[in-house]
Each structure stands twice: as structure tokens, then as C-alpha cells.
Amino acid sequence: MRAKELHPSPSTSWGLGENRRYFRGILAFINRKLAKFVQNAYPPALPSIQTLNLLVETTLLLLKPDALHRGLAGRIITRFEEKGLQLVGMRLMRMSQETAAKHYAEHVGKPFYEGLVGFMTCSPILAMALRGPDAITVARRLMGKTFGIEADAGTIRGDFGCSKSYNLIHGSDSPESAARELAIFFPEGLEDWDPISAPWLWDRE
Ligand code: IDP
Ligand code: MG
């Protein structure tokens, strides 16, 4: 563009079209400044836990004695954290015979029952309550199939073991089981809090 057009002097003879172009340029400039001002004053709203329709479930997980003896607790917890499930309860405890009987009531009479109760009560376990969309299914998927040898690679049971009984982790298998099991291990209730990452992790739009 020529300097004459950019900085017109009064002596320059201008046509109607040039005037229009000049004022349009000024208007565009003002528009841009105004848009920037409005954008700064009203930035686009970040997703918030209040505005999203977040349907969440809570599930009970137990890190079994083998997970603690093998020093895998941290790595297993990390998998759930990375997936976006929220920790709302955690308790290092020794399971009593009574608690084990209550928790595994559905397995009474099965050939592995006595061994299972003996295993689960031999040393501490880590009970956890995790929350998130479809938390029960999501947690079971991360855990993998019951027996380590059959569990897919990439799952907790698939990556960390080959045993049938010593399979590191328990997870509720339905909303009904979750409610029943959470009441056994967290009778005092859970910690209710809003993780700031939830809108990014749990959005379902
Ligand atoms: P799940 O833990 O994947 O839900 P369930 O069938 O509910 O599997 O069995 C509960 C637990 O009992 C298993 O996690 C495992 O520790 C143990 N278990 C199940 N079946 C056998 C078996 O055939 N031999 C030895 N232990 C078993
Ligand atoms: Mg089960």
C-alpha cells in the first residue's frame, strides 16, 4: 500500500470510495478493540461441576493382602486415579472372620471359600471407595478377569499376576453389591468433595 493512502494529507484529493475505505478501516479497528475488551471482561465459561449433568456411582475396592505384601498398592491406586475415579474413602484395616463372612456371603459353600477367607484375613487390606461415572463397570474393566492368567494384558490382574486366588483386588460387581459392601467397610459414610478436574473427566455431553 502506498504511503499516500495510509496517511492522507488535507491537500490530497480523495474520492468517495477512498473515504469509505478509510472509515471502514477505523470501524474495523474499533470493533477489534471492543471485541477484545468484551472477551477479557467475559471470558468463555469453564465447565463446572454445577452445570454438568454428572451421574456418578460409588464402588468398593479392596486391595487384597497380596497387593500390600508385593508393594503394589501405589501402582494399583494410580491406575484408578489416572482413569479419573475419585477417592472418597480409604481405610487400611485387618478384615475379621465375621467381616469376611459377611462380605463373601455369596461364596459360602464353594470349594475355594475357606481358602478365600483365610487369605483375606491373614494380613491387612486396603479398603477404598471410588466415585465416578459408571465407576462400578469402569473399575471392573481396569481390574480385569478374576484369574490373573485369563485377565487381559493392560488390566491390573492381567499385568501383575498369574494366580487364581491371589488376584490382588476386589471390586463390587453391581450397584446393589456396591451399596451392601460400602456399608460393611465404611459404616461411617464417605468423604463428599468436588474434584476440580471432574468436569473435564466426567463430561458426558
Ligand atoms: P471377582 O473377585 O472377580 O468378583 P468372584 O467369582 O466373586 O470373582 O470370586 C471372589 C474371589 O474368590 C476371587 O477374586 C478369588 O480371589 C477367589 N476365587 C474365585 N474363584 C476361585 C477359584 O476357583 N479358586 C481359587 N480362588 C477363587
Ligand atoms: Mg465377586
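In this chain, residues are counted from 1 in sequence order. Counting starts at 1 for both ligands and their atoms, in listed order.
Judged by distance alone, with hydrogens and angles left aside, the side-chain atoms of Thr121 form a donor-acceptor pair with the main-chain N or O of Val117 at under 3.5 Å.
The 4.0 Å heavy-atom shell around ligand 1 contains residues Lys64, His107, Phe112, Leu116, Arg140, Thr146, Phe147, Arg157, Lys164, Ser165, Asn167, ordered by chain and number.
The cluster map of Ile, Leu, Val, Met, Phe, Trp and Tyr, joined by side-chain heavy atoms under 4.5 Å apart, puts Leu92 and Met128 in the same cluster. Cluster annotation: Ile149 is not connected to Tyr166 through the hydrophobic network of ILVMFWY side chains, with a link wherever side-chain heavy atoms come within less than 4.5 Å.
In this structure Thr146 satisfies the side chain to side chain donor-acceptor pair (under 3.5 Å) test with no other residue, sequence neighbours excluded. Scanning for side chain to side chain donor-acceptor pair (under 3.5 Å) contacts around Asp159 gives Arg79, with sequence neighbours left out. Every residue two or more places apart in sequence or in another chain was checked for a side chain to side chain donor-acceptor pair (under 3.5 Å) with Glu57, and none qualifies.
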